[in-house]
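This report concerns only the one structure given below.
Lettering of chains follows the sequences in order, A, B, ..., and the numbering in each one begins at 1.
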Number of protein chains: 2
Amino acid sequence: MDEGTRWLTAEERAAWLAFVAATTLLDGALDRQLQREAGMPLAYYQILAMLSEVPARTLRMSELADITQSSQSRISHAVARLERQGWVLRRPCPDDRRSTFAELTPAGLAALAAAAPGHVRSVRENLFDVLSTEQVGQLAAICRAMLGPLTADPDARPVPGACAD
Amino acid sequence: MDEGTRWLTAEERAAWLAFVAATTLLDGALDRQLQREAGMPLAYYQILAMLSEVPARTLRMSELADITQSSQSRISHAVARLERQGWVLRRPCPDDRRSTFAELTPAGLAALAAAAPGHVRSVRENLFDVLSTEQVGQLAAICRAMLGPLTADPDARPVPGACAD
DNA sequence: GCGTCACTGTTGAACTTTCAAACAGTAAGG
DNA sequence: CCTTACTGTTTGAAAGTTCAACAGTGACGC
């Protein structure tokens, strides 16, 4: 059954191992840095960051799930936690009463502002400071190429129908 | 205090957002594919894969932690689970009685062999099939550059001293 | 030998994520 | 209306990860 499998070439294999190691370590490093210096995991930072860049600092739960590439269940649990911490506020949506708005509070914005410099420094140290300008462009092109199949791939969607237009 | 922060340039920011999205989605896609077709999460597949490529299909727990870029605690829990499933066997190390060997069982090898083709296909579809040969080389170079600071960075090490030679 | 310190691995509690199921609201057809 | 299907969100249990604490060894100096 696997006679037809196209295994990886030596170059692909080397690239793959380096990719897995680098992304795993980078993720861990960023998570640890945030946890240590700001007391929040990377996933929560990303939620706060997304909310901060949007009009009225408010998004519907499902939009938040889409934009952070996570499942609705995860967002629901995470926002519940952030709400307990006073960083996010949940409000019903008047137009569609199925929907809920998540709004960044001033305290949440302050926590984000306090965490941001350290996070950016960490991203810089571990990624951009070791790449040439050319490599930054190459990386962006590579990632954009990956996004094609990934955004179409049913495997990549956390929740069926989460990306419905 | 954050006056001195070097924020990301527009190019860096674009690259960063694409990178986060692509790696998050790729990770999710691979995990789902394995979970669905082989009934195991990606993290466990990687443990089995590492064990399968080593003499006697046996590694010390700490070596396994190093090679998979994960913490000792994580490996301990994961191997305990894999052992319950009959895919890995734990044995005491005669030379150093602190150490424990983790050995891939025939059943574990069979499970890995059954899972591998689908996994490789998924890696191909979502990564290598959308990249040119040139881009594969660029990606490898970029990841190798990242590994420099990451392997030296204390943030990136799950457990202090885990990488001691 | 003995004390000290580093190293290996495990454990249990806390936390996060996932999975499946439930729930409430909306939309469409008869 | 009533039914049916679908959408947006929540929930609780199960699974996985992390963290801190612990126990058992080994290595080194005195």
query = Arg81(A) has a side chain; which of dT8(C), dC15(C), dT11(C) sits nearest to it?
reply = dC15(C)
inquiry  = Go through it in stages, so that I can follow the logic: the residues are Arg90(B) and Ser76(B), the test is side chain to side chain contact (heavy atoms under 4.5 Å, CB included), and I'd like the CA-CA distance, side-chain angles, deciding distance and then a yes or no.
reply    = CA-CA 10 Å; Arg90(B) 247 192 287 219; Ser76(B) 184; 4.1 Å; yes
task = Confirm from the modelled atom types if Arg98(A) and dT26(C) form a donor-acceptor pair under 3.5 Å, side chain to base only.
result = no
ask   = Which part of the nucleic acid, if any, lies within reach of Ala80(B) when heavy atoms closer than 4.0 Å are counted: base, sugar-phosphate only, or nothing?
value = nothing
query = Quick one: Arg90(A) CZ to dT11(D) C1', roughly how many Å, whole number?
reply = 11 Å
task = Round to a whole Å and report the spacing from CG of Asp31(A) to P of dG16(D).
result = 19 Å
key: Below 4.0 Å: OP1/OP2 of dG9(C) and any side-chain N or O of Ser62(B)   = yes
note = Whole-Å distance, Arg84(A) CZ to dC15(C) C1', equals 10 Å
task = Find the distance Arg32(A):CZ to dT17(D):P and express it as a whole number of Å.
result = 13 Å
Any donor-acceptor pair under 3.5 Å from Ser122(B) side chain to His119(B) backbone = no
message = Without decimals, in angstroms, what is the distance between Arg74(B) CZ and dC19(D) C1'?
response = 14 Å
inquiry  = Set out, in order, the CA-CA distance, both residues' side-chain angles and the distance that settles side chain to side chain contact (heavy atoms under 4.5 Å, CB included) for Thr68(A) and Arg74(A), then state yes or no.
reply    = CA-CA 10 Å; Thr68(A) 58; Arg74(A) 175 147 112 188; over 6 Å; no
Out of dT16(C), dT18(D), dA15(D), whichever nucleotide has its closest atom nearest the side chain of Pro41(A) = dT16(C)
note = By nearest-heavy-atom nucleotide on DNA chain D, the more 5' of Pro94(B) and Met61(A) is Met61(A)
task = With heavy atoms under 4.0 Å as the rule, sort Tyr44(B) into base, sugar-phosphate or nothing.
result = sugar-phosphate
query = So do Leu48(A) and Val88(A) actually touch side chain to side chain, heavy atoms under 4.5 Å?
reply = yes
inquiry  = By nearest atom, which of the nucleotides dG8(D), dT18(C), dT16(C) is closest to the Ser71(A) side chain?
reply    = dT18(C)
query = Separation of Gln85(B) atom CD from dG16(D) atom C1', in whole Å?
reply = 13 Å
request  = Calculate the interatomic distance between Asp27(B) atom CG and dT18(C) atom P; express it in whole Å.
outcome  = 10 Å
inquiry  = I want to confirm an ordering. Mapping Ile75(B) and Asp95(A) to their closest nucleotides on DNA chain C, which one lands closer to the 5' end?
reply    = Ile75(B)
request  = Kindly indicate whether the side chain of His77(B) and the base of dG9(C) share any N or O donor-acceptor pair separated by less than 3.5 Å?
outcome  = no
ask   = What is the minimum heavy-atom distance between Glu103(B) and Ala56(B), and which atoms define it?
value = CG-O, 4.1 Å
inquiry  = One pair to check against salt bridge (charged side-chain N to carboxylate O under 4.0 Å, His left out): Glu12(A) and Arg6(A). What are the steps and the verdict?
reply    = CA-CA 12 Å; Glu12(A) 286 170 339; Arg6(A) 287 164 53 221; over 6 Å; no
key: Atom-to-atom span, CG of Leu42(B) to C1' of dA15(D) - whole angstrom   = 15 Å
ask   = Under 4.0 angstrom, heavy atoms only, what part of the nucleic acid is Thr100(A) near: base, sugar-phosphate, or nothing?
value = sugar-phosphate
task = Look at the side chain of Ser73(A) and the base of dT11(D), then say whether one donor and one acceptor between them are separated by less than 3.5 Å.
result = yes
message = Taking any heavy-atom pair under 4.0 Å as a contact, classify Ser99(B): base, sugar-phosphate, or nothing.
response = sugar-phosphate
